[in-house]
Protein chains: 2
Amino acid sequence: MKLTTKGRYAVTAMLDLSLHYGEGPITLADIAQRQGISLSYLEQLFSRLRKKSLVASVRGPGGGYSLGKSAEEIFVGEVISAVDENIDTTRCNGAHNCQNNERCLTHDLWSDLSNQIYSYLNKISLQDLMDRKAVREVADRQDHADHDELSGLDISMADGSNDLAGA
Amino acid sequence: MKLTTKGRYAVTAMLDLSLHYGEGPITLADIAQRQGISLSYLEQLFSRLRKKSLVASVRGPGGGYSLGKSAEEIFVGEVISAVDENIDTTRCNGAHNCQNNERCLTHDLWSDLSNQIYSYLNKISLQDLMDRKAVREVADRQDHADHDELSGLDISMADGSNDLAGA
DNA sequence: ACATTCCCAAGCAAAATAGTCAAGAATATC
DNA sequence: GATATTCTTGACTATTTTGCTTGGGAATGT
Ligand code: FES
Ligand code: FES
């Protein structure tokens with residue numbers, strides 16, 4: 001499989017979008033700040049999400065993104081597929097030709113595994129995630145961390161992504 | 001997750017070992033040839049498999065590898081873990097600290113997914129795989145392809161891994 | 001002795017990943 | 001209509017990971 005930050009960020013951002021639904025269009029800058037994701041990177045991801053109609057966009061001041069359909073209708077698997085190409089774990093990508101143009105010994109195993117993962121992720125909607133208590137708790141923390149987010153923890157990170165004071 | 005050729009090769013090689021059980025120790029050169037895997041690369045993988053006691057080795061002429069326990073007792077998940085570190089799909093590797101030392105919005109989702117994958121792969125033993133008809137078919141093909149393996153297909157690959165004539 | 005096999009560590013080219021940077025187009029507000 | 005805001009796009013890049021190779025060695029059977 002291929003589950004990288006690209007896919008994780010996409011789901012996280014989509015969930016953030018769901019959680020702030022009803023507040024009008026949400027800017028990528030907001031999401032970037034709340035979720036700690038690079039703005040430019042998010043732009044790339046949302047470009048793909050928009051192509052699959054998972055989000056809708058409004059340009060100009062007051063603009064931003066909103067969900068392309070309701071949170072009940074968007075499934076985690078869709079989001080990952082939209083940005084990450086495939087969730088397939090086979091080496092041949094389903095073509096069963098990875099050893100001298102023929103099927104290798106373990107093709108079916110990976111194929112079955114892929115189906116397993118795929119069906120699992122496609123049962124979980126953004127709404128399902130929002131309904132989880134742990135998710136709401138994290139979302140609350142993020143919403144109330146407007147300013148002094150860094151106070152009280154050992155600041156051992158050296159990246160400049162914490163430009164929160166300026167917001 | 002991290003499912004790369006490393007993990008796939010390891011499972012493939014272990015399955016090859018199972019299938020040729022009873023023929024005495026199997027050399028890595030044999031496995032490399034049958035499964036189309038680089039010998040040196042296999043050595044690295046088997047070094048790790050041996051550390052986890054999944055295989056046992058005999059040195060010298062006539063030596064080779066055999067299974068460390070019976071095929072019913074070795075599960076796919078074990079093999080992958082042995083060579084691939086972790087099957088975990090969380091970004092934080094279980095530490096739930098991937099956003100400013102705190103849990104991110106989607107930690108539980110990836111954590112649940114990891115458990116799902118893990119339990120699936122740990123239900124499947126090498127014996128289970130051997131019992132599959134498709135696996136036996138591929139194994140038969142591989143066993144009878146001693147020499148002229150390349151005849152009859154469009155030779156569009158440019159790697160030199162097909163040194164079968166010399167064996 | 002010597003060929004065979006496992007064992008081990010280091011090094012490395014190519015690919016993938018996780019971004020940055022720069023320019024531009026639409027739109028709301030003044 | 002100037003300006004600020006926000007999305008939109010494409011190219012470029014540093015870093016990491018992957019999938020090996022190379023080169024030595026150590027056991028062990030004949
Ligand atoms: S994974 Fe499909 S043929 Fe090997
Ligand atoms: S994946 Fe564990 S905290 Fe984000």
Side-chain angles (χ1 to χ4, degrees), chain A residues 1-10 12-13 17 23-33 35-52 54-66 68 80 83-86 91 93 98 158-161 163 167, chain B residues 1-10 12-13 17 23-33 35-52 54-66 68 80 83-86 91 93 98 158-161 163 167:
Chain A
M1 187 174 59
K2 208 168 38 176
L3 184 51
T4 68
T5 52
K6 202 192 293 188
R8 290 195 206 97
Y9 279 174
T12 302
L17 214 50
E23 303 174 15
I26 308 294
T27 69
L28 288 187
D30 281 347
I31 300 178
Q33 184 168 105
Q35 306 304 332
I37 306 173
S38 143
L39 174 58
S40 308
Y41 201 36
L42 270 184
E43 285 173 347
Q44 287 179 47
L45 301 182
F46 273 72
S47 166
R48 303 224 212 174
L49 294 172
R50 201 173 60 94
K51 275 175 192 146
K52 294 281 169 67
L54 294 178
V55 297
S57 61
V58 180
R59 295 217 260 201
Y65 284 93
S66 53
I80 295 176
V83 298
D84 234 359
E85 342 256 66
N86 64 341
R91 180 165 173 65
N93 264 297
C98 85
D159 70 292
S161 69
D163 47 344
Chain B
M1 188 174 55
K2 207 169 35 174
L3 183 51
T4 68
T5 52
K6 201 191 293 186
R8 290 196 206 96
Y9 280 174
T12 302
L17 213 51
E23 303 172 16
I26 308 294
T27 68
L28 288 188
D30 282 347
I31 300 179
Q33 184 169 105
Q35 306 304 332
I37 305 174
S38 144
L39 174 58
S40 310
Y41 199 37
L42 270 183
E43 284 175 347
Q44 289 177 45
L45 301 183
F46 273 73
S47 166
R48 303 224 213 173
L49 293 172
R50 201 173 59 93
K51 275 176 192 146
K52 293 281 169 66
L54 294 178
V55 297
S57 61
V58 181
R59 294 216 261 200
Y65 284 94
S66 52
I80 295 176
V83 297
D84 234 357
E85 342 255 67
N86 64 341
R91 180 165 173 66
N93 265 298
C98 84
D159 70 293
S161 68
D163 47 341

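Sequence lines set the chain letters: A, B, ... in the order given, protein chains first and strands last, and positions in each chain run from 1.
- Here dG19(D) presents its C1' atom at 14 Å from NZ of Lys2(B), a figure rounded to the nearest Å.
- At whole-Å resolution of the value, CG in Leu42(B) and P in dG19(D) are 13 Å apart.
- Pairing each heavy atom of Val83(A) with each of Arg48(A), the nearest pair is O-NH1, 3.3 Å.
- Side-chain N/O atoms of Thr27(A) include none lying less than 4.0 angstrom from OP1 or OP2 on dT5(D).
- When rounded to the nearest whole Å, the span between CZ of Arg8(B) and P of dC20(D) equals 12 Å.
- For Thr5(B) and dG19(D), the shortest distance from a side-chain N or O to OP1 or OP2 is below 4.0 Å.
- Nearest heavy atom pair, residue Gly62(A) against residue Pro25(A), reads O-CG, 3.8 Å.
- Contact record, Leu42(A) with Ala13(A): CD2-CB, 3.9 Å, taken as the closest heavy-atom pair.
- If you walk DNA chain C from 5' to 3' and mark each nucleotide with an atom closer than 4.0 Å to a heavy atom of chain B, the marks span dA3(C) to dA10(C).
- Dashed line: the shortest gap from a side-chain N or O of Ser57(A) to OP1 or OP2 of dT6(D) is not under 4.0 Å.
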Next on the checklist: Using side chain to side chain contact (heavy atoms under 4.5 Å, CB included), reason through Ser47(B) and Lys51(B) one step at a time and then give a plain yes or no.
Outcome noted: CA-CA 6 Å; Ser47(B) 166; Lys51(B) 275 176 192 146; 3.8 Å; yes

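- Residues Gly36(A) and Tyr9(A) share a closest heavy-atom pair of O-OH, 4.5 Å.
- Each of Ile26(A), Asp30(A), Leu49(A), Leu28(A) was compared with Leu17(A) under the side-chain contact (heavy atoms from CB on, under 4.5 Å) criterion, and only Ile26(A) meets it.
- Projected onto DNA chain C by closest heavy-atom contact, Gly62(B) and Lys6(A) fall at different nucleotides, the more 5' of which corresponds to Gly62(B).
- Using a 4.0 Å heavy-atom distance criterion, Ser40(A) is classed as a base contact.
- Checking dG19(D), dG29(D), dT6(D) against every side-chain atom of Pro61(B), the shortest atom distance belongs to dG29(D).
- The stretch residues 43-51 of chain B touches DNA chain D through Gln44(B), each having a heavy atom within less than 4.0 Å of the strand.
- Residue-level contact check: Ile26(B) touches the backbone only, with heavy atoms under 4.0 Å from sugar-phosphate atoms and none from bases.
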